[in-house]
Amino acid sequence: MAKEGITPRAQDYAQWYLDIVRGADLADYAEVVRGCIVFKPTGYALWEAIQRGLDDRIKATGHVNFYFPLLIPKSFLMKEAEHVEGFAPQVAEVTHAAGEKLAEPYVIRPTSETIIGYFYAKWVRSWRDLPLLGNQWANVMRWEMRPRPFLRTTEFLWQEGHTVHADHEDAERETLKILHEVYADFVEKEMALPVIKGLKTEKEKFPGALRTYCMEAMMQDGRALQAGTSHNLGQNFAKAFGIQYSDRNNQMQPAWTTSWGVSSRLIGALIMAHSDDDGLVIPPHLAPVQVVVVPIFKNDAERAAVMAAVQAITADWRPRGIRFHIDERDHLTPGFKYNEWELKGVPLRVEVGPKDIEKKSVAIAPRIAQDNINANAAAGGRKPKAFVPQQGLADQISSLLEQLQRTMYDRALRFRNEHTFEASNYDELKQGIESGFVRAWWAGSRDDEERIQEETKATIRCIPLEQPGGKGKCFYTGEEASQVAIFAKAY
RNA sequence: CGGGGAGUGGCUCAGCCUGGUAGAGCACCUGGUUCGGGACCAGGGGGUCGUAGGUUCAAAUCCUAUCUCCCCGACCA
C-alpha cells in the first residue's frame, strides 16, 4: 500500500530514498549550490535530536565544546603526509578575498585535525594539562563527485571530537570509549539502529590515523553504512604540529591524539534503515513529534466538543514528557491526515471523535505493526488500530512508545541477521554481498582487498571487535586466519 | 570527473520531431456541501518554458555554451 508519490523499495531503492526525503519534507535541494541541501524544519529537527543525544553523552564522558575557524591555512593540511594525500582531492580553496589574491590560500575545513593541532600545541605544556578533551559542532566541506541528500553532500553537519593524551594506552582507551559509550550507545538506544563495531583495515582507515574504529549499520537494501568513526591518531598529528608535554620527570614527550566524528549522514541511515513504502519511520526516542492527535468532527458544535475533549485528554501529556502535536486543520479530511502523518514518520497517532467522547475512548494507531494492536476492520482500514479507554491513556502511550522503540530495534536487528552470511570461499562471498553482509575468515593483504573490491564492488567494512576466537581458513588466500572480517557494498 | 537520461506553475508531466498568442491532472485561494483511511461541486490565482548567447519576421520548439538534478562508474562521513 504505497503512498502516492512514493516509489516502492522493491521497485527502485534509490528513488524510494529520494521520495522519502521529499515526501516527509526533510530537505530541499540547494540547486544553486551543487551538491548541497537545505535542511528543512523537519529534517533539521531530526538533526537537533541527534545533536542533543550525542552532546549529552559527549559531555557525560568529560568533554567540553569549543569552536575553531572554518578556514584553515593550506599549509596546515600539508604537514601530515597521509592526511594531505587523503583529503587533497576533496578540498575547496579560498584564494581571493576583498578583491585581492591571498598570499596563502585557505582551505575550507574538510575536518579540523590540523588547525586544532596547531592550537593544541600552544595549549599543552605539562602532563597536568592532559588529557585535553574537546569537541566541536561544525559544518565541513568535502567536494563530492556524486552527492545524495544527507548521505553524501558537499557541505555537511557533524561533530568532531579532538583529544590529547599522555600515552598510547590513554588515547586508545578514549578512542574505544567514544565508540562504545557515545556512538554505539546513542545509535542503538535512541536511533534503534543495531551496529557492528570494528576496526577499519589499513585501506579504509582515516588518512593520518594509526587506526580507525567504526560502527557499521545495515540498510534495507543490504548495503553497509558507516555510522561513525573514532580514530587513534597515534603521534602522527602531535609530531606534525609539535604537541608535546613535560612528563613527571621533566622530560619532553610527544603527545598522543584522537579524533572522532559522526555526521548528518545519520539522518540518511535513519531513513534507509527504518522507513517503509508508506514513508518515513522515526524511532520514538528521536522523534520531534511522538504522537499526533487527529480530532474528528463534522461541524462547529462537534468541533468544539471534540477539541475540549482533546484538551482534557492531553492535559497530562506534556508533564509526562510526551512530545505531541494536535492537528486542528479543518480543511482536510481525517483520512488525508492519517496518510500525511504516516509519510512524516510520527510513531503514534491518536484519533478523537464524537464516538470516543461518548464511549470515553480514543483510537490509537502505531506507525508500524505491533503484536498487541491488530488491523482493525471495523475502522475501515487495513492498518493496525485499537480503541482504548481514555482512562490511563498517558501511561499506555508512554509504554507503547517504548514498545515501538524496541520493535524498531528488534526489527532492524532481525533484518541484519537474516541478511548476514558466512562465506568459506570466494563464490559464497560474491553471492552474499548481493543481499547483505558477509562474515569470512580473512588473512589477505591490502592488495587482495583491493582486488576483491575491483571484482565485486564490496569492501571490508570492518574487522569486528567481537571475534569468534580460534583460527579459520581465509576464504580468499586459503591461509590460516586469526580474524573474521565483514564484507559488504557500502554507501 | 567519464558514460547515459532529464530540466515547461508547488508536484507529475504533455507540447518540441514539422517554429506562429503556454496546456492537463494534482496542489493552492474563495464559497458551499462534506469529514472515523487520501471528499465533492462551482468559481479563481499562479509559469520571462534552467540560464546566457545565436539563427529567424517570429523560439518552449532549431543551433552553441553553461548550470542543476537523476541513474551507472571511479572518490568519500
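In what follows, chains are A, B, ... by sequence order, proteins preceding strands, each numbered from 1.
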Using the P atom on both, measure B:U48 against B:C70 and round to a whole Å.
-> 25 Å
Distance between the P atoms of B:C28 and B:A65, in whole angstroms?
-> 42 Å
Report the distance from atom CG of A:Asp330 to atom P of B:U34, rounded to the nearest whole Å.
-> 15 Å
Between A:Glu144 and A:Thr333, who's closer to the 5' end of RNA chain B by nearest nucleotide?
-> A:Thr333
Selected nucleotide, minimal atom distance to A:Phe336 side chain, candidates B:G38, B:C75, B:C35 | B:G38
Do A:Lys385 side-chain and B:G37 base share a donor-acceptor contact under 3.5 Å?
-> yes
Would the number of heavy atoms belonging to other residues, nucleotides or ligands and lying under 6.0 Å from CG of A:Asp371 be above 12?
-> no
With rounding to whole Å, what would you report as the distance between B:C1 and B:U66 at their P atoms?
-> 11 Å
With a 4.0 Å cut-off on heavy atoms, is A:Thr153 in touch with a base, just the backbone sugar-phosphate, or nothing at all?
-> base
Ignoring hydrogens and angles, are the base of B:C76 and the side chain of A:Arg152 linked by a donor-acceptor pair under 3.5 Å?
-> yes
Could you check which of B:G38, B:G36, B:G37 has an atom nearest any side-chain atom of A:Arg349?
-> B:G37
Starting from P on B:A77, measure out to CD on A:Gln51 and report it in whole angstrom.
-> 21 Å
Determine the interatomic distance between C1' on B:G19 and the same-named atom on B:G38; round to the nearest Å.
-> 42 Å
Among the nucleotides B:C71, B:G38, B:C70, which one has an atom lying closest to any side-chain atom of A:Ala14?
-> B:C71
Ring centroid separation for A:Phe39 and A:Phe150, is it under 6.0 angstrom?
-> yes
Earlier contact from the 5' end, RNA chain B, for A:Asp12 and A:Glu351 | A:Glu351
Would you please indicate yes or no on a ring centroid separation below 6.0 angstrom for A:Phe237 and A:His83?
-> yes
Presence of donor-acceptor pair under 3.5 Å, side chain of A:Glu340 and base of B:G37 | no
Distance below 4.0 Å between A:Lys457 side-chain N/O and B:A74 OP1 or OP2 | yes
Kindly say whether the aromatic ring centers of A:Phe206 and A:Phe87 come within a distance under 6.0 Å.
-> yes
Quantified in whole Å, what is the P atom distance between nucleotide B:U30 and nucleotide B:C63?
-> 45 Å
For the side chain of A:Gln90, starting at C-beta, report the closest nucleotide among B:U68, B:C71, B:C76.
-> B:C76
Between the protein and nucleotides 10-12 of chain B, which nitrogen or oxygen pairs are less than 3.5 angstrom apart?
none

Between B:G36, B:C70, B:A77, which nucleotide has the shortest distance from any of its atoms to the side chain of A:Gln15?
-> B:C70
How far does the P atom of B:G4 sit from the matching atom of B:A59, given to the nearest Å?
-> 31 Å
Quantified in whole Å, what is the P atom distance between nucleotide B:U12 and nucleotide B:C41?
-> 25 Å
Side-chain atoms of A:Met145 come closest, of B:U68, B:C75, B:G37, to B:C75
Expressed as a whole number of Å, how far does the C1' atom of B:A14 sit from that of B:G25?
-> 11 Å
